[in-house]
Amino acid sequence: MKYIVQYEQETDGRWIAEIEDIPGALAYGDTKEEAIAKAEALALRVVAERIEKQEVILNSTISFVTPWAIGPQQKQEEFSLLCSKLAGN
């Protein structure tokens, strides 16, 4: 599963990051990196709950990719975690 992390800077200087495919995975931070990390953490909590309810296949990989990372010549910022490790297997 690959999820896109969208982010932008608010007029007050804070950053907001959201993973639209995972309801509730939206977070603010003082920096872009902090907002992204918080949104990813929220998303992992949702995925962990889905694993507990057996709504997710345990041996799949979860990746979070920022929009600017989608392109052949651009640096990719990716976060991956095996669901089976998240589930404690």
Side-chain angles (χ1 to χ4, degrees):
M1 291 178 273
K2 189 172 277 194
Y3 297 102
I4 296 175
V5 181
Q6 298 182 355
Y7 58 88
E8 66 180 330
Q9 192 168 24
E10 299 284 330
T11 57
D12 63 3
R14 295 182 302 164
W15 286 85
I16 184 169
E18 178 180 22
I19 303 166
E20 290 183 352
D21 291 335
I22 300 180
L26 179 140
Y28 284 94
D30 292 332
T31 65
K32 173 183 70 173
E33 293 78 15
E34 180 183 10
I36 290 170
K38 287 179 176 181
E40 290 174 351
L42 289 170
L44 289 173
R45 289 183 187 114
V46 170
V47 172
E49 186 174 321
R50 290 179 182 172
I51 290 170
E52 288 176 5
K53 293 181 179 180
Q54 299 180 351
E55 296 173 3
V56 172
I57 298 170
L58 295 178
N59 290 326
S60 61
T61 299
I62 301 168
S63 298
F64 298 104
V65 181
T66 56
W68 60 266
I70 301 171
Q73 296 180 328
Q74 296 173 327
K75 182 179 176 184
Q76 187 167 338
E77 180 178 303
E78 189 172 298
F79 174 84
S80 298
L81 179 69
L82 289 177
C83 289
S84 58
K85 287 185 181 180
L86 181 64
N89 295 333

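Values in this document were obtained by computation on a predicted structure and should not be read as measured data.
- The nearest pair of heavy atoms linking Lys32 to Tyr7 is CD-CE1, 3.2 Å.
- For the residue pair Leu42 and Ala25, the shortest heavy atom distance occurs at CB-CA, 4.1 Å.
- Minimum interatomic distance between Pro23 and Val46 (heavy atoms only, all atoms of both residues): O-CG2, 4.1 Å.
- Under the 4.5 Å side-chain heavy-atom criterion for ILVMFWY residues, no single connected hydrophobic cluster contains both Ile22 and Ile16.
- A distance of 13.0 Å separates OG1 in Thr31 from CZ in Arg14, rounded to the nearest 0.5 Å.
- One finds the CD atom of Gln6 at 9.0 Å from the CG atom of Asp21 (value rounded to the nearest 0.5 Å).
- Contact check on Glu34 versus Lys38 returns a salt bridge, with a Lys/Arg side-chain nitrogen under 4.0 Å from an Asp/Glu carboxylate oxygen.
- The line from CD of Glu40 to OH of Tyr3 is 12.5 Å long, rounded to the nearest 0.5 Å.
- For the residue pair Ala39 and Ile19, the shortest heavy atom distance occurs at O-CD1, 3.7 Å.
- In this structure, Ile51 CD1 and Leu44 CG are separated by 9.0 Å, a value rounded to the nearest 0.5 Å.
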